[in-house]
Amino acid sequence: MILPLEFYQRDTKKVARELLGKILVHKLPNGKRLAGRIVETEAYLGVIDLAAHSYGGLRTERTSTMFMAGGHIYVYLIYGLHSCLNVVTQKMGVPEAVLIRAVEPTEGVDEMKKRRPKARKEIDLTSGPGKLCAAFGISRKHNALLLTDGEVFIEDAPPLKRSQIVASARIGVEYAEHAAEWPLRFSERANPYVSKPQPSDG
DNA sequence: TTCCCGATTTACT
DNA sequence: GTAAATCGGGAAA
């Protein structure tokens with residue numbers, strides 16, 4: 001079952017935690033499915049979050065996607081090189097989102113390997129936000145698509161036990177002063193597909 | 001128009 | 001461990 005929009009139009013931290021274990025799918029034009037189990041996410045709390053693109057309510061062409069209703073996807077280019085996939089949360093006008101940082105491949109591994117020629121080991125295919133976008137063939141072309149339109153979507157799966165979820169500080173946001181320490185990174189305990197650095201307990 | 005720098009990955013010392 | 005790659009967004013001018 002594809003997760004309904006209501007799943008996303010809720011508290012962002014809750015969505016970030018509950019996305020762990022769910023199945024991210026990209027259905028290619030030829031019908032082939034690329035899929036993976038989400039094992040790492042980060043919450044971005046919009047207006048109050050110095051690490052978020054939408055901090056302070058900043059609304060530009062790029063960030064306008066974050067202001068859309070929960071259930072849209074927000075894809076942006078980072079460092080001029082890599083795409084990052086987020087799912088927008090909350091109601092329209094509240095610019096919050098969850099960054100999908102890592103998945104564990106479940107379908108279409110051979111196809112992912114073709115798209116990630118530099119990955120030497122299977123563990124490197126999707127263990128990072130830029131890596132998984134490359135493996136799944138997701139780019140800014142997909143920005144602002146809806147997760148219920150059947151191209152890029154997320155399927156339901158049993159939730160993780162609370163003891164299997166680790167909360168830690170987010171990656172790459174050291175510049176964000178006090179917000180940098182907020183425990184908004186969520187990952188599955190001891191899953192090898194979680195990106196580096198591995199989270200310390202929190 | 002110019003300038004600075006980033007929600008990263010990879011190669012190399 | 002450190003640094004290069006690479007370019008568009010956002011702010012300043």
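Side chains included, hydrogens not; waters and symmetry mates left out as well; all remaining heavy atoms used. We name chains A, B, ... by the order of the sequence lines, and we start the count at 1 in each one. From a predicted model like this one, the values you see are computed outputs, not experimental measurements.
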Exercise. With DNA chain B as reference, determine whether A/Arg116 or A/Val173 sits nearer its 5' end, using the nearest nucleotide of each.
Key: A/Val173
Self-check item: Hydrophobic cluster membership, A/Val88 vs A/Tyr8, 4.5 Å side-chain cutoff
Solution: no
Can you name the atoms? Protein N/O to nucleotides 11-13 of chain C N/O, anything below 3.5 Å, with the distance.
none

Practice problem: May I have the distance from A/Glu61 (atom CD) to C/dG10 (atom P), rounded to whole angstrom? | Solution: 9 Å
N/O donor to acceptor pairs below 3.5 angstrom from side-chain atoms of residues 190-198 of chain A, sequence neighbours left out:
| residue | atom | partner | partner atom | Å |
| --- | --- | --- | --- | --- |
| A/Asn191 | OD1 | A/Tyr193 | N | 2.8 |
| A/Asn191 | ND2 | A/Glu104 | OE1 | 2.9 |
| A/Asn191 | ND2 | A/Glu188 | OE1 | 2.9 |
| A/Ser195 | OG | A/Glu40 | OE1 | 3.0 |
| A/Ser195 | OG | A/Glu40 | OE2 | 3.0 |
| A/Ser195 | OG | A/Arg101 | NH2 | 3.2 |
| A/Ser195 | OG | A/Arg185 | NH2 | 3.4 |

Self-check item: Contacts of A/Arg33 that satisfy side chain to side chain donor-acceptor pair (under 3.5 Å) - sequence neighbours left out
Solution: A/Glu107, A/Glu155
Quiz item: Do A/Arg37 and A/Ile23 have side-chain heavy atoms sitting under 4.5 Å apart?
Solution: yes
Quiz item: OP1 or OP2 of B/dA7 sitting under 4.0 Å from any side-chain N/O of A/His53?
Solution: yes
Practice problem: Send over the distance from A/Tyr76 OH to C/dG8 P, rounded to a whole Å. | Solution: 16 Å
Quiz prompt | A/Val47 side chain near A/Ser54 side chain, heavy-atom distance below 4.5 Å | solution = no
Practice problem: Apply side chain to side chain donor-acceptor pair (under 3.5 Å) to A/Ser127 and list each qualifying residue two or more places apart in sequence or on a separate chain. | Solution: A/Lys131
Exercise. Calculate the interatomic distance between A/Glu181 atom CD and B/dA7 atom P; express it in whole Å.
Key: 17 Å
Self-check item: A/Tyr44 ring over B/dA7 six-membered base ring, under 5.5 Å and 30°
Solution: yes
Self-check item: Nearest-angstrom distance from the residue atom CG of A/Asn86 to P of B/dT8
Solution: 11 Å
Self-check item: Positions of residues 126-146 of chain A (non-hydrogen atom under 4.0 Å from DNA chain B), listed by number
Solution: A/Gly128, A/Pro129, A/Gly130, A/Lys131
Exercise. Can you spot which of A/Arg10, A/Lys13, A/Arg162 makes a salt bridge (charged side-chain N to carboxylate O under 4.0 Å, His left out) with A/Glu18?
Key: A/Arg10
Self-check item: Residues forming a side chain to side chain donor-acceptor pair (under 3.5 Å) with A/Thr126, sequence neighbours excluded
Solution: none
Practice problem: May I ask you to test the A/Phe7-A/Val87 pair for a side-chain heavy-atom distance under 4.5 Å? | Solution: no
Check: protein-nucleotides 3-7 of chain C nitrogen or oxygen pairs below 3.5 Å:
| residue | atom | partner | partner atom | Å |
| --- | --- | --- | --- | --- |
| C/dT6 | O2 | A/Tyr79 | O | 2.6 |

Self-check item: Atom-pair distance (CD on A/Glu42; P on B/dT8), nearest Å
Solution: 7 Å
Quiz prompt | Residues forming a ring-ring contact (aromatic ring centres under 6.0 Å, His included) with A/His26, sequence neighbours excluded | solution = A/His142
Quiz item: How close or far is atom P of B/dT8 from atom CZ of A/Arg170, stated in whole angstroms?
Solution: 11 Å
Quiz prompt | Side-chain N,O (A/Arg62) to OP1/OP2 (C/dG10) below 4.0 Å | solution = yes
Quiz item: Rounded to whole angstroms, how far apart are CE on A/Met66 and C1' on B/dA7?
Solution: 10 Å
Quiz item: Where do A/Thr12 and A/Leu45 come nearest, in terms of heavy atoms and distance?
Solution: CB-CD2, 3.8 Å
Quiz item: Applying the side-chain contact (heavy atoms from CB on, under 4.5 Å) test to A/Ile154, which of A/Thr148, A/Leu24, A/Ile2, A/Val25 qualifies?
Solution: A/Leu24
Would you list the atom pairs, donor with acceptor, under 3.5 Å between side chains in residues 69-86 of chain A and any protein atom, with sequence neighbours excluded?
| residue | atom | partner | partner atom | Å |
| --- | --- | --- | --- | --- |
| A/His72 | ND1 | A/Ala69 | O | 2.9 |
| A/Tyr74 | OH | A/His53 | ND1 | 2.7 |
| A/Asn86 | ND2 | A/Tyr74 | O | 3.1 |

Practice problem: List for me each residue that meets side chain to side chain donor-acceptor pair (under 3.5 Å) alongside A/Lys113, sequence neighbours excluded, and say none if there are none. | Solution: A/Glu122
Self-check item: A/Lys22 atom NZ, over 12 foreign heavy atoms within 6.0 Å
Solution: yes
Quiz item: Any sub-3.5 Å donor-acceptor pair from A/Thr65's side-chain atoms to A/Ala144's backbone N or O?
Solution: no
Quiz item: Is there side-chain contact between A/Trp182 and A/Asp49, with at least one heavy-atom pair below 4.5 Å?
Solution: yes
Quiz prompt | For DNA chain B, the residues among residues 96-115 of chain A that have a non-hydrogen atom under 4.0 Å from it | solution = A/Leu99, A/Arg101
Quiz item: What distance, rounded to whole Å, do you find between the two C1' atoms, one in C/dA3 and one in B/dC5?
Solution: 16 Å
Practice problem: Write down the distance between NZ (A/Lys121) and C1' (B/dT9), rounded to a whole number of angstrom. | Solution: 14 Å
Quiz item: Using a 3.5 Å cut-off on both pairing distances, which stems of three or more Watson-Crick or G-U pairs include DNA chain B?
Solution: B:1-6 with C:7-12, B:8-12 with C:1-5
Exercise. Give A/Thr63 one of three labels, base, sugar-phosphate or nothing, depending on what nucleic acid heavy atoms sit under 4.0 Å from its own.
Key: sugar-phosphate
